[in-house]
Amino acid sequence: MKITELTRVYRYDGIDLPVPTHLAGDPQALRQYHATLYPAILNAEAVDAGVTGTTHVTEYRRAVGTKG
């Protein structure tokens, strides 16, 4: 059995976002941090996009719909 360590990547609109080490274990704090860069992340859905190679990707997807 081989154990492979995965690197976690957060992506928004095709852009890989930085993950500060002190926030890496706290998804809510990380979301707040990313929202300072892109405010729409507060209303976006976090979707597990799966594993690619040695990277586990989580994507923030914008809510699509009508206002009002």
Side-chain angles (χ1 to χ4, degrees):
M1 179 183 290
K2 182 179 178 184
I3 298 174
T4 304
E5 186 174 330
L6 297 177
T7 304
R8 193 170 279 275
V9 172
Y10 290 84
R11 192 171 287 156
Y12 177 69
D13 205 20
I15 301 167
D16 288 351
L17 302 172
V19 180
T21 54
H22 68 284
L23 297 176
D26 187 354
Q28 280 303 100
L30 195 55
R31 182 186 200 99
Q32 292 294 324
Y33 172 75
H34 288 151
T36 62
L37 304 170
Y38 299 97
I41 287 176
L42 287 175
N43 297 324
E45 179 182 9
V47 177
D48 183 355
V51 176
T52 305
T54 60
T55 306
H56 184 193
V57 179
T58 301
E59 291 183 0
Y60 294 115
R61 295 194 182 152
R62 288 183 255 184
V64 177
T66 59
K67 291 184 178 182

**Student:** Please report the interatomic distance CG(Asp16) to CD(Glu59), rounded to the nearest 0.5 Å.
**Tutor:** 9.5 Å
**Student:** Strictly by ring-ring contact (aromatic ring centres under 6.0 Å, His included), give each pair with a member in residues 39-59 just once, sequence neighbours left out.
**Tutor:** none
**Student:** Write down the atom of Pro18, the atom of Pro20, and the distance for their closest heavy-atom approach.
**Tutor:** O-CD, 3.7 Å
**Student:** Rounded to the nearest 0.5 Å, what separation is found between the CZ atom of Arg8 and the OG1 atom of Thr55?
**Tutor:** 11.5 Å
**Student:** To which residues is Leu17 joined in a hydrophobic cluster, defined by side-chain heavy-atom contacts under 4.5 Å among Ile, Leu, Val, Met, Phe, Trp and Tyr, whether direct or through other members?
**Tutor:**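 Leu17 shares its hydrophobic cluster with Tyr10, Tyr12, Ile15, Val19, Leu23, Leu30, Tyr33, Leu37, Tyr38, Ile41, Tyr60.
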**Student:** Taking all non-hydrogen atoms of both residues, which atom of Arg31 and which atom of Glu45 are closest, and how far apart?
**Tutor:** NH2-N, 4.2 Å
**Student:** Is Val47 isolated, or which residues cluster with it under the ILVMFWY side-chain rule of less than 4.5 Å, directly or via members?
**Tutor:** none
